[in-house]
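What follows is a short report on a single structure.
So you know, we letter chains A, B, ... as the sequences are listed, proteins then strands, and number each from 1.
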Number of protein chains: 2
Amino acid sequence: MNSRRSGPPTAGKPAAPPASPWKASSERQRDRELKREAVIRVAAREFNRKGYHNTSLDDIAARLEVTKPTVYYYVTSKEQLLFECFVAGVERIRAAFQDVRRQELPARERLTAVLHRYGEAVASEFGWAMVRAEDQDLSPTMSRHIKALKSEIDQGIRRLIREGMQDGSIHPCDPKLTAFALAGALNWIAHWYREDQSLSGSEITSAFVALFETGLSPRAGVPARASARARLTRRPRRAGGGLLR
Amino acid sequence: MNSRRSGPPTAGKPAAPPASPWKASSERQRDRELKREAVIRVAAREFNRKGYHNTSLDDIAARLEVTKPTVYYYVTSKEQLLFECFVAGVERIRAAFQDVRRQELPARERLTAVLHRYGEAVASEFGWAMVRAEDQDLSPTMSRHIKALKSEIDQGIRRLIREGMQDGSIHPCDPKLTAFALAGALNWIAHWYREDQSLSGSEITSAFVALFETGLSPRAGVPARASARARLTRRPRRAGGGLLR
DNA sequence: TAGGATACTTACCCATCAGTATGATTAGAC
DNA sequence: GTCTAATCATACTGATGGGTAAGTATCCTA
């Protein structure tokens with residue numbers, strides 16, 4: 001539509017890499033990059049608080065104590081802003097897969113390691129963009145990119161599940177539906193979690209993973225896990241939340 | 001803000017119950033109610049397809065082959081439309097709790113029965129409104145009502161979990177976090193499920209509930225469940241989906 | 001068959017907001 | 001000191017879309 005929007009999304013690279021004459025002093029370029037990241041971070045927080053459509057670029061600019069054109073100096077469109085927020089979150093999850101690939105562990109343990117990082121990412125400021133952003137708000141190009149990234153993560157989880165079934169560390173199940181259930185429970189954190197909560201994203205994920213590993217049915221000779229028990233007595237400070245949302 | 005918005009939301013009652021003179025012939029009133037429900041159902045489907053903010057009331061009107069003011073004849077605002085969609089979905093879940101209350105069963109079985117209906121509701125046309133609607137799009141009054149309904153459901157699930165721990169049918173765990181995990185996995189269905197999928201909402205929920213009960217870790221002497229095994233061989237027709245979303 | 005309620009349309013208003021044209025200011029290179 | 005690019009602000013445009021005013025057609029009652 002707009003000539004700016006042609007080609008693959010930027011996602012990190014400075015808008016105009018001064019490829020030539022006097023290579024703008026590198027500290028200046030670093031400054032620019034820092035500011036750009038600040039814009040994206042603030043945008044993520046505002047989207048998280050008020051939703052994409054209820055957040056105007058004037059709002060974001062005001063939070064940064066600048067004006068709207070300044071925001072556009074670092075970002076080409078509101079859409080791109082959303083995209084960058086998404087990427088920032090997803091990169092953390094991809095990194096988790098990378099880290100785990102090098103480890104020699106039963107697949108179930110590698111899976112739980114990934115899920116842990118996954119949950120932390122979803123509970124971060126970028127969780128909203130990763131989870132709640134609607135792809136109808138994005139151009140077809142951006143939408144495709146996002147779907148590809150999501151699919152990559154999905155496939156990664158399914159693969160770990162399959163490997164777990166092979167090495168015997170995971171109970172036989174349908175990898176696809178199981179991946180959906182796991183990811184769903186974790187993604188949902190972005191719907192209800194607020195940073196002022198008594199539990200951290202990591203703690204929540206621990207509890208979830210424990211639940212998924214053990215299951216609801218009582219197991220012979222398996223007593224209550226200490227971690228779960230502890231949480232039973234330590235009352236969270238805020239009741240808040242609710243089920244849906 | 002608007003004088004219309006004062007008082008509790010309507011949620012079903014005809015806008016102007018002709019309290020008096022010649023009691024508008026009851027078939028006419030029934031007609032009106034049917035049309036009103038059609039408006040809400042169509043709105044739910046459009047919200048589901050394109051999101052709340054990307055759906056204009058002209059769109060909805062066009063789907064109904066009428067004009068925008070006609071929609072306003074049955075509904076006072078776009079916001080109320082969203083609210084009604086939400087209520088329509090939640091009522092199904094509340095009904096599930098009612099039904100199960102009369103039954104003499106171990107709490108875990110009552111819980112899974114509720115979760116089943118829950119999953120079906122989320123996979124229905126009203127799933128989007130129940131799960132993805134953002135309360136920033138609603139007036140404080142509406143938002144409060146919705147939060148109350150959500151909380152009621154949440155508490156209902158937690159109670160079943162506690163009862164299950166007491167009667168021994170559920171492994172000791174933190175009721176709050178467990179409820180979040182269960183509901184999260186099911187809610188997430190609304191993010192990725194489309195009606196043209198190879199699995200029905202009911203089938204998906206069955207698989208999820210089975211997973212919740214059994215857990216990922218292998219159980220001594222428990223072979224793969226037949227239902228899960230079956231799905232492993234029967235390839236779904238559409239890969240689609242993806243993890244997040 | 002008049003009169004009022006019901007059901008629906010045409011044509012409009014107007015607030016919001018993404019995005020831009022243009023110009024001012026500052027900082028570094030020479 | 002001058003010149004140029006980088007950085008930011010002022011002030012606008014244009015489109016979208018929620019909501020309404022006012023009028024038309026239809027139906028039902030009496």
Reckon B:Ser56 has a side-chain N or O less than 4.0 Å from the OP1 or OP2 of D:dT16? no
Nearest-Å distance for atom pair CG/C1', residues A:Asp59 and C:dG19: 16 Å
B:Arg30 CZ to D:dC27 P, in whole Å, measures 17 Å
Proximity to the side chain of B:Ser77 - top-ranked nucleotide from D:dA6, D:dG19, C:dG19: D:dG19
Nearest to the side chain of A:Thr70, which nucleotide is it out of D:dA9, D:dT20, C:dA7? D:dA9
Specify the separation, in whole Å, of atom CG of B:Asp31 and atom P of C:dA7. 8 Å
What's the shortest heavy-atom distance between A:Lys68 and A:Asp58, and which atoms? CB-OD1, 3.5 Å
Winner on side-chain proximity to A:Pro69, out of C:dT20, D:dT20, C:dA7, is C:dT20
I need the single residue from A:Lys78, A:Gln80, A:Glu79 that forms a side chain to side chain donor-acceptor pair (under 3.5 Å) with A:Thr76. Which is it? A:Gln80
Quick check: closest heavy atoms across B:Arg49 and A:Gln136, and the distance to 0.1 Å? O-NE2, 2.7 Å
Rounded to whole Å, please give me the gap between OH in A:Tyr73 and P in D:dA5. 12 Å
Rounded interatomic separation in angstrom, taking CZ from B:Arg36 and P from C:dT6: 16 Å
Check every atom of D:dG18, C:dT20, C:dC8 against the side chain of A:Tyr72 and return the nucleotide holding the closest atom. C:dT20
Nearest-angstrom distance from the residue atom NZ of B:Lys78 to P of D:dT16: 15 Å
Can you confirm if the NZ or CZ of A:Arg132 lies within 45° of the ring axis of A:Tyr52 and under 6.0 Å from the centre of its six-membered ring? no
Expressed in angstrom and rounded to an integer, what is the separation of A:Leu57 atom CG from C:dT16 atom P? 16 Å
Could you state the atom-to-atom distance from CG of B:Asp58 to P of C:dT10 in whole Å? 12 Å
Contacting residues from residues 60-68 of chain B, given that a heavy atom lies under 4.0 angstrom of DNA chain D: B:Lys68
Answer yes or no on whether A:Arg32 is positioned over the face of A:Tyr73, meaning its NZ or CZ is under 6.0 Å from the six-membered ring centre and within 45° of the axis. yes
Would you mind checking if B:Glu120 and B:Arg92 are paired as a salt bridge, meaning a charged N to carboxylate O distance below 4.0 Å? no
Judged by modelled atom types alone, do B:His53 and B:Asp137 share a side-chain donor-acceptor pair under 3.5 Å? yes
Report yes if at least one side-chain N or O of A:Arg32 is closer than 4.0 Å to OP1 or OP2 of D:dA6; otherwise report no. no
Would one find a side-chain N or O of B:Tyr74 under 4.0 angstrom from OP1 or OP2 of C:dC8? yes
